[in-house]
Amino acid sequence: MYKINDIVSYQNYGVCRIVDIKSLSIMNQKPRKYYFLHQLYDKCDSTIIKIPVDTTNIIRPIMTKEEVFKIIEFMKDLEHDWIKDIRHREVQFKALIDSWEAENWAKVIKSIYVAKEENRAQDKHKSFPLVDIKYFERAENFFNQEVAYALDIDIKEVPNTILKLIQTKRGCNE
């Protein structure tokens with residue numbers, strides 16, 4: 001069980017601080033313990049998310065600094081695996097994001113990033129599918145929140161920080 005002030009990653013909301021834990025009785029049912037969560041990277045400061053302590057939704061500790069560095073190293077060596085059929089690709093990306101595992105977010109980010117770069121490099125590049133952009137932004141948002149918190153940097157600095165870390169690691173390995 002988590003404690004008040006713990007920082008967690010909560011499915012579909014991202015990085016949150018547990019601001020309270022208390023029992024609630026909803027609709028005259030037996031009281032249950034709830035976590036009261038505040039999203040750290042939400043524009044609305046007053047939003048509080050209430051979830052039962054015994055929820056089946058995914059709530060987990062956020063990545064540590066060491067885990068972030070491992071995943072960035074993982075991203076560097078990750079093979080680009082592009083599914084040509086857009087419907088199958090969408091199902092795959094949705095499943096990877098919904099797994100609520102940072103490694104899977106990294107797979108989505110890398111796959112779409114490389115595909116966008118390859119598309120851009122073509123003489124007659126075509127517009128990139130909106131569905132892919134949607135999944136890229138979603139995976140990147142969740143991933144960047146955890147990286148920003150773990151490395152104690154502004155969320156806007158995350159993409160450049162990752163790029164620098166990948167380039168630094170590459171330079172050390174070559």
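Position 1 is the first residue of the sequence, and the numbers go up from there. Values in this document were obtained by computation on a predicted structure and should not be read as measured data.
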Atom pair CD (Gln11) and OG1 (Thr56), whose distance is rounded to the nearest 0.5 Å: 8.5 Å
Between Asp132 and Arg89, does at least one N-O distance fall below 4.0 Å, as a salt bridge requires? yes
Just wondering, more than 12 heavy atoms not from Glu79 lying within 6.0 Å of its CD? no
Joint hydrophobic cluster, Phe143 plus Tyr113, side-chain heavy atoms closer than 4.5 Å: yes
Any side-chain heavy atom of Ile86 within less than 4.5 Å of one from Glu90? no
Looking at Tyr135, does the NZ or CZ of Lys94 lie under 6.0 angstrom from its six-membered ring centre and within 45 degrees of the ring axis? no
Would you kindly say whether Asn141 and Glu137 are connected by a side-chain donor-acceptor distance under 3.5 Å? no
Could you label the plane-to-plane angle of the Trp105 and Phe142 rings as parallel, tilted or perpendicular, counting under 30° as parallel and over 60° as perpendicular? tilted
Ile72-Leu163 co-clustered via ILVMFWY side chain contacts under 4.5 Å: no
Hey, can you pull the donor-acceptor pairs under 3.5 Å for the side chains in residues 18-37, sequence neighbours left out?
unit_1	atom_1	unit_2	atom_2	d
Ser25	OG	Gln29	O	2.5
Arg32	NH2	Asp54	OD1	2.7
Tyr35	OH	Tyr2	N	3.0

Salt bridge flag under 4.0 Å for residues Lys70 and Glu103: no
Quick one about Thr47 and Gln39 (side-chain donor to acceptor, distance below 3.5 Å, no hydrogens or angles considered), yes or no? no
Atom pair CG (Asp42) and CD1 (Ile48), whose distance is rounded to the nearest 0.5 Å: 10.0 Å
For Ser111 and Val108, indicate whether the former's side chain and the latter's backbone hold a donor-acceptor pair under 3.5 Å. no
Candidate pair Phe74 and Lys110, rule side-chain contact (heavy atoms from CB on, under 4.5 Å), full reasoning: CA-CA 10 Å; Phe74 168 77; Lys110 173 94 181 240; over 6 Å; no
Please say yes or no: joined through hydrophobic side-chain contacts below 4.5 Å, possibly via intermediate residues, are Met1 and Ile7 part of one cluster? no
Atom CD in Gln92, atom CD1 in Ile83: separation rounded to 0.5 Å? 4.5 Å
Could you tell me which non-hydrogen atom of Ala106 sits nearest to which non-hydrogen atom of Met75, and how far apart they are? CB-CG, 3.4 Å
Look up atom CD1 in Ile97 and atom NZ in Lys134, then write down how far apart they are to the nearest 0.5 Å. 8.5 Å
Exceeds 12 heavy-atom contacts within 6.0 angstrom, atom OH of Tyr10: yes
How many angstroms lie between CD1 in Ile109 and CD1 in Ile71, if you round to the nearest 0.5 Å? 9.5 Å
Given side chains that start at C-beta, do those of Tyr13 and Leu40 come closer than 4.5 Å, heavy atoms only? no
Same cluster for Leu78 and Leu96 if Ile/Leu/Val/Met/Phe/Trp/Tyr side chains link at under 4.5 Å? no
Can you tell whether the side chains of Asp98 and Arg138 come within less than 4.0 Å, N to carboxylate O? yes
Judged by atom type as modelled, is there a donor-acceptor pair below 3.5 Å linking the side chain of Lys76 to the main-chain atoms of Ile166? no
Under 4.5 Å between any side-chain heavy atoms of Pro159 and Asn144, yes or no? yes
Do side-chain atoms of Thr161 reach the backbone of Glu157 as a donor and acceptor pair under 3.5 angstrom? yes
Does Ile49 share a hydrophobic cluster with Val53, counting links as ILVMFWY side-chain heavy atoms below 4.5 Å and allowing steps through other members? yes
So CZ of Phe136 and CD1 of Ile112: to nearest 0.5 Å the spacing works out to 7.0 Å
Thr64 backbone acceptor or donor facing Glu67 side chain under 3.5 Å: yes
Any side-chain to backbone donor/acceptor pair from Gln145 onto Val15? Under 3.5 Å, distance only. yes
Scanning both residues in full, the closest heavy-atom pair of Ser9 with Trp100 reads OG-NE1, 2.8 Å
Should we count CG of Asp152 as having more than 12 external heavy atoms under 6.0 Å? no
Got a donor-acceptor contact below 3.5 angstrom from the Asp6 side chain to the Lys3 backbone? yes
Does Glu146 use its side chain to pair, donor to acceptor, with the backbone of Ile62 at less than 3.5 Å? no
